[in-house]
Amino acid sequence: MRHYDELTTLGRARRLRVLAERALEEYDLVPTGLRLLTNDTNGIFRVDTAGGERYVIRVGLAGHIGHSSDEVRAETEWLAALAAETDLLVPRPLPTRSGEPMAVAAAPGVPEPRNCVVFTWLDGRLLADRLTRGNVAALGRYVAELHRHGAAYVPTAGPGAPRYDRVFPFDEPVVLFEDRVAPPGLRAMFEEAAERVESLLGRVGTTPARLLHGDLHSWNVKVFRGRIAVFDFEDLMWGWPVQDLATTLYYFHGMPEYQALRGALADGYREGGGVWPDDEDIDTFMAGRSLVLANDVLLTPEWSEEIAPFFARSERRLEALLHGGSFAL
């Protein structure tokens with residue numbers, strides 16, 4: 001049997017499918033079909049059941065970028081609270097037959113046991129495919145309510161999620177500033193961005209942190225009959241609203257309609273009762289997002305061919321965010 005790390009993305013998914021089937025045995029479900037949705041990061045499968053319901057099972061990652069059981073518990077607890085206490089559309093986590101928020105399963109050819117979570121299915125199309133000003137404004141209203149709930153929410157099992165009070169919020173090696181990783185000019189820009197983020201964290205950190213989504217981009221948002229639904233809360237963290245908003249805008253940055261989408265998000269956020277942050281602070285955290293992603297690219301062997309084009313885009317993006325000017329994808 002070939003080692004798991006030597007397999008293609010599809011080859012790994014075939015082994016994860018067996019693991020997902022074993023995890024589903026711990027739930028009060030009668031699966032009739034299991035279809036791969038993506039294995040770009042987590043293994044995500046659609047589950048069809050005998051009763052006609054659809055669910056999603058997420059087979060978590062292992063290694064330095066995998067999420068701990070405490071983080072999964074924090075995620076599922078907050079999602080359950082959001083579903084019970086707000087009108088926001090979120091995927092509801094299903095408990096196992098024994099009442100656990102996840103099933104831990106293993107399978108031949110998969111090196112480690114994996115945390116598996118089953119969620120209710122969300123209908124709709126990805127916001128990335130329905131990127132209109134109206135939909136982005138609706139997202140702004142949604143996020144304002146999400147942040148309001150996150151500010152008041154007190155988890156029962158302790159903090160669980162990490163704090164976004166440092167440039168690189170996850171417990172993974174930081175290799176971005178090592179010698180010969182980036183050309184001198186780009187490395188200087190990385191260092192400038194990190195200094196600005198650290199300075200801003202010192203300022204926003206004087207106010208109470210709240211739970212954030214942590215990865216709030218348009219591929220983690222669905223639009224269904226005019227309503228917004230947000231999923232993939234696994235990167236939730238304690239932080240400040242400007243960080244979520246900067247993540248959303250990072251993925252709009254460089255589009256021809258960027259300013260219009262930014263304005264729509266701001267309008268919706270204010271309509272939802274949120275206080276829109278200072279624009280310069282948003283740009284700083286957008287630059288910080290660029291650093292986090294650049295470091296991830298360097299740490300992920302499968303993305304080795306993406307390093308050069310990603311760094312080229314990063315240099316142009318950081319120049320625009322740190323020193324003004326335009327940026328096009």
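These values consider heavy atoms only, across backbone and side chains, with no hydrogens, waters or symmetry-generated copies.
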| said: Using the side-chain contact (heavy atoms from CB on, under 4.5 Å) criterion, which residues pair with Arg166? Sequence neighbours excluded. | reply: Asp171

| said: Applying side-chain contact (heavy atoms from CB on, under 4.5 Å), can you list everything that pairs with Asp278, at least two apart in sequence or on another chain? | reply: Glu280, Asp281

| With sequence neighbours left out, which residue pairs that include part of residues 129-143 fulfil the salt bridge (Lys or Arg N to Asp or Glu O under 4.0 Å) condition? | Arg141-Glu271

| said: Checking one residue: Val154. Which other hydrophobic residues are in its cluster under the side-chain 4.5 Å linking rule? | reply: none

| said: Applying ring pair (Phe, Tyr, Trp, His ring centres under 6.0 Å) as the test, list every pair that has at least one member in residues 28-59; sequence neighbours left out. | reply: none

| Summary of ring pair (Phe, Tyr, Trp, His ring centres under 6.0 Å) pairs that have at least one residue in residues 200-225, sequence neighbours excluded | His213-Phe233, His217-Trp219, His217-Tyr251, Trp219-Tyr251

| remark: Across all chains, not counting sequence neighbours, the side-chain contact (heavy atoms from CB on, under 4.5 Å) partners of Asn42 are Ile44, Arg58, Leu61, Glu234

| task | Sorted by first residue and then second, give each ring pair (Phe, Tyr, Trp, His ring centres under 6.0 Å) pair with at least one member in residues 302-323; sequence neighbours left out. | result | Phe190-Phe311

| message | Show every salt bridge (Lys or Arg N to Asp or Glu O under 4.0 Å) that has at least one partner inside residues 42-52, sequence neighbours left out. | response | Arg46-Asp48

| Qualifying residues under side-chain contact (heavy atoms from CB on, under 4.5 Å), relative to Glu100, sequence neighbours excluded | Arg73, Thr96, Ser98

| request: Not counting sequence neighbours, list each pair that qualifies as a salt bridge (Lys or Arg N to Asp or Glu O under 4.0 Å) and has a residue in residues 28-44. | output: Asp28-Arg97

| Qualifying salt bridge (Lys or Arg N to Asp or Glu O under 4.0 Å) pairs, either residue in residues 305-328, two or more places apart | none

